[in-house]
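Counting convention: from 1, in listed order, for ligands and their atoms alike. Only a predicted model underlies this, so the values are computations on that prediction, with no experimental measurement involved.
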Amino acid sequence: MVTIETPRSPRSRKGAKWEKWGWLYMRASGVVLLVLIFGHLFINLFQNGIQAITFAFVAGKWADPFWKIWDGAMLWLALIHGTNGMRTIANDYTVRLGMRKFLNVTLWVVCFALIILGTLVITTFDPCSDPSVNQIADISIHCGK
Ligand code: HEM
């Protein structure tokens, strides 16, 4: 009797099953992203309106650690989710191994750089770096002097 290997079955049962964890991550992060993204859109656009999104609005929001954590989680989860999704697409459509490797490395390097930059923006944000911030009436942040 001829036995045909199940398509996509792991070659080895040992070691970390990255594809399985990637598959699970896409579903788990998708559920959390639904809450984070639609909450973000609701608060920013629906409740306040696009005109209200100013430097002062962001400064006011980020004065509260809750929104820093919200935005940070959205940044990390969406970037890793999007990059892993693009990796799947690249793996599906590339024929040459060299091109596949190049695209995968590029994707993760860009993802890593954006996560570092975005995290730095959120964690080091200082509303007082803008000298005109004291003239903004609708935020109660007092800078120096
Ligand atoms: C609203 C929240 C989101 C949900 C519920 C969600 C859900 C999912 C799920 C379940 C998959 C896996 C599909 C599959 O394996 O067949 C997926 C794939 C993907 N997602 Fe998301 N996602 C969300 C947000 C995002 C965001 C913000 C990005 C971009 C940064 C993104 C980019 C991708 C990409 C590129 C894929 C791969 C598509 C493919 O395999 O054909 N998603 N998403």
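Between the CD1 atom of Ile43 and the CG atom of Asn48 there is a distance of 7.5 Å, given to the nearest 0.5 Å.
Nearest residue to atom 3 (C) of ligand 1 from Gly30, Ala90, Gly22 is Gly30 (criterion: closest heavy atom). Considering only non-hydrogen atoms, atom 33 (C) of ligand 1 lies nearest to His81 out of Arg27, Met74, His81, Met86.
Listed by atom number, the atoms of ligand 1 under 4.0 Å from Ala78 heavy atoms are 30 (C). Distances below 4.0 Å separate heavy atoms of Gly85 from the following atoms of ligand 1: 34 (C), 35 (C), 36 (C), 37 (C). Of all the atoms in ligand 1, the ones that sit under 4.0 Å from a non-hydrogen atom of Leu34 are 1 (C), 2 (C), 5 (C).
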Notebook entry, point to check: So Trp18 and Trp21, ring-ring contact (aromatic ring centres under 6.0 Å, His included) or not? Walk me through it.
Noted result: CA-CA 5 Å; Trp18 289 109; Trp21 290 117; 8.7 Å; no

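The closest side-chain heavy-atom distance from Asp64 to Trp67 is below 4.5 Å. Counting heavy atoms from C-beta outward, Leu33 and Phe38 have side chains that stay 4.5 Å or more apart.
Taking the six-membered ring for Trp and thresholds of 30 and 60 degrees, His81 and Tyr25 have ring planes inclined between 30 and 60 degrees apart.
Ranking the protein heavy atoms by distance from atom 29 (C) of ligand 1 puts Gly82 CA, 4.0 Å first. Looking at atom 38 (C) of ligand 1, its nearest protein heavy atom turns out to be Ile89 CD1, 3.9 Å. Annotation: atom 27 (C) of ligand 1 to nearest protein heavy atom, Ile37 CD1, 3.8 Å. Shortest contact from atom 18 (C) of ligand 1 to any protein heavy atom: Met26 CE, 3.4 Å.
Of all heavy-atom pairs between Leu45 and Ile50, the closest is CD2-CD1, 3.8 Å.
Met86 and Trp23 are not part of a single hydrophobic cluster, where members link through side-chain heavy atoms under 4.5 Å apart.
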